[in-house]
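Structure first, commentary second.
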Amino acid sequence: MNVAVVLFTSDLRLHDNPVLRSALRDADRVVPLFVRDEAVHRAGFDAPNRLAFLADCLAGLDAGLRKRGGRLVLRTGTVAGEVRRLVEETGARAVHMAAGVSGYAGRREEELRTALADTGCELRLHDAVVTALAPGRVVPSGKDHFAVFTPYFRRWEAVGVRGTLGAPRTVRLPDTTLASDGLPARADVEDVSPGLADGGEEAGRKLMKAWLDGDMGDYADGHDDLAGDATSRLSPHLHFGTVSPAELVERAREKGGPGADAFVRQLAWRDFHHQVLAARHDASWSDYRPRGDRWRSDEDEITAWKTGHTGYPVVDAAMRQLAHEGWMHNRGRLLAASFLAKTLYVDWRVGARHFLGLLVDGDIANNQLNWQWVAGTGTDTRPNRLLNPVAQAKRYDPHGDYVRRWVPELAEVKGAAVHEPWKIKDELDYPEPVVDLGEARARFERARGLD
């Protein structure tokens, strides 16, 4: 009997999963496996919001497999050690898994190869599972990755994404009795954001359908509208792989129109960051393009930023949304990040670490490289742009509804006046600005040698 192991990582789905479909095609029996990796815990990457969402995802994956005659085997330990143990128990000839892009993923793959070297079992990696287009699929002449998005996007569009796959009808396990840990439960995770969304493939596919059939049509015009919240909210499902990026691209293009085009472009941005990280693993914590910054470190200002008490309402609203939902509107992320890294001139790594502690979609490629883009140490072709939080708020929250939703101290302030509470004569239970914007700009320009 030919047995294969499917090692689920960031692809916790049955629909459009090339890893699973390849194993089912090549083997008589398949063991679906997920390993709760001790290395992830040691690195502090198992933040409560992601653990809770992961619990939903694993429960949903197990339920889907059981409907098809299989089940999920859950183990805890090192990935290499647990995979080898399962291979020895089942006599598996192949282990299938999605290729990753981070330094951690690279080390995991090497450890797996080493662990399987004398077992007669082959490690088979599958591309274009976590991303729509595999990193390295398109590269500029003489280089290993694109450093600028626009030329990357032109090539990305020209190549196109692979076709999508349906969910399997049956998954047959080996006859061997296989030990498995109990599934984790969201309710057992402490310190979860109260407004955290539900995880799992079923929730992801419902959200995807509602998005494609509904608000995506208005995405080109409304994606920056903070109060309108006209974004897909699919980023957590993309991070955990409960929704396929390739399927999203294909289905969005089938719908067509400016909204679909704008949404597909954002999916390409995600692939862009993944191909940068695949080529430059150190960009997760080191400046991609060093600027010689001598960052400030005012703990009171950093605390005010983290807790949403900077005195700039749109920044505070974004940070409070993050704390409550474990998620933040993309425009809010840009404004909050720019405020910390450029207005306060604090090391982007401080902000990236805080975001990773709360974001349910906290992804090394997208989180770190977006922070670097905002800080001007990444791939932005205008590295010294500085976003004015008041001007941005008036543009993207013109009536102040987003701010009033998240900053209750200002709930009674009408209209756009909510963005400049320091001009209001009435006494408000809201902090004064932690910094003057003009002084902050001058300080940043001096630091970057622009004065």
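All values below were derived from every heavy atom in this structure, side-chain atoms included, with hydrogens, water molecules and symmetry-related copies excluded. Computed from a predicted model, the values in this text were never measured in an experiment.
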| task | Return the orientation label for the His223 and Tyr219 ring planes: parallel under 30°, perpendicular over 60°, tilted otherwise. | result |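 His223 and Tyr219: tilted rings.
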| request: May I ask you to decide if the ring planes of Tyr152 and Phe149 are parallel, tilted or perpendicular, using 30° and 60° as cut-offs? | output: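 Rings of Tyr152 and Phe149: tilted, as their planes differ by 30° to 60°.
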Nearest heavy-atom neighbours spanning [X] and [Y]:
X      : Y      : answer
Arg71  : Leu178 : NH2-O, 2.7 Å
Leu386 : Arg441 : O-NH2, 3.3 Å
Arg291 : Gly376 : NE-O, 2.6 Å
Arg296 : Leu344 : NH1-O, 2.7 Å
Val314 : Leu335 : CG2-CD1, 3.9 Å
Leu24  : Pro168 : CD1-CB, 3.5 Å

State whether [X] and [Y] are salt-bridged, where the test is any N-O pair (Lys NZ or Arg NE/NH1/NH2 against Asp/Glu carboxylate O) under 4.0 Å.
X      : Y      : value
Asp118 : Arg84  : yes
Glu247 : Arg13  : no
Arg85  : Glu82  : yes
Arg113 : Glu109 : no
Asp62  : Arg66  : yes
Glu202 : Lys67  : no

Would you check if the side chain of [X] reaches a backbone N or O of [Y] as a donor-acceptor pair within less than 3.5 Å?
X      : Y      : value
Arg333 : Met328 : yes
Asp56  : Gly200 : no
His354 : Val350 : no
Ser284 : His281 : yes
Arg36  : Leu74  : no
Asn49  : Ser193 : yes
Gln372 : Ala283 : yes
Asp11  : Thr9   : yes
Asp271 : Ala132 : yes
Glu201 : Leu14  : yes

| said: Would Trp371 and Leu340 count as a side-chain contact (heavy atoms from CB on, under 4.5 Å) here? Give the steps. | reply: CA-CA 10 Å; Trp371 266 98; Leu340 183 75; 3.8 Å; yes
Does [X], at its [atom1] atom, have more than 12 non-hydrogen atoms belonging to other residues, nucleotides or ligands within less than 6.0 Å?
X      : atom1 : answer
Arg253 : CZ    : yes
Arg443 : CZ    : yes
Glu88  : CD    : yes
Arg395 : CZ    : no

Is a side-chain donor-acceptor pair under 3.5 Å present for [Y] with [X]?
X      : Y      : result
Gln392 : Arg331 : yes
Asp287 : Trp348 : yes
Asn366 : His273 : no
Glu38  : Thr78  : no

| Residue among Asp16, Val249, Leu133, Asp127 satisfying side-chain contact (heavy atoms from CB on, under 4.5 Å) with Arg162 |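 That would be Asp16.
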| request: Using side-chain contact (heavy atoms from CB on, under 4.5 Å) as the criterion, point out the one residue from Thr164, Val264, Leu238 that pairs with Leu248. | output: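 Result: among Thr164, Val264, Leu238, Leu238 is the only option passing the side-chain contact (heavy atoms from CB on, under 4.5 Å) with Leu248.
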| request: Could you walk me through whether Arg154 and Thr150 pass the side-chain contact (heavy atoms from CB on, under 4.5 Å) test, one step at a time? | output: CA-CA 6 Å; Arg154 284 197 293 265; Thr150 300; 3.4 Å; yes
| request: Determine, using ring centers only, whether Phe146 and Trp156 are less than 6.0 Å apart. | output: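 Distance test on ring centres: not under 6.0 Å, no.
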| message | Within the structure provided, determine whether Arg186 and Asp198 are in side-chain contact (heavy-atom separation under 4.5 Å). | response |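 Arg186 reaches Asp198 side chain to side chain.
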| query | Going through the distances and angles, do Leu322 and Leu359 end up as a side-chain contact (heavy atoms from CB on, under 4.5 Å)? | reply | CA-CA 7 Å; Leu322 172 62; Leu359 282 173; 3.5 Å; yes
| Between Trp295 and Val346, does a side-chain contact (heavy atoms from CB on, under 4.5 Å) hold up when you go through it step by step? | CA-CA 5 Å; Trp295 304 104; Val346 170; 5.7 Å; no
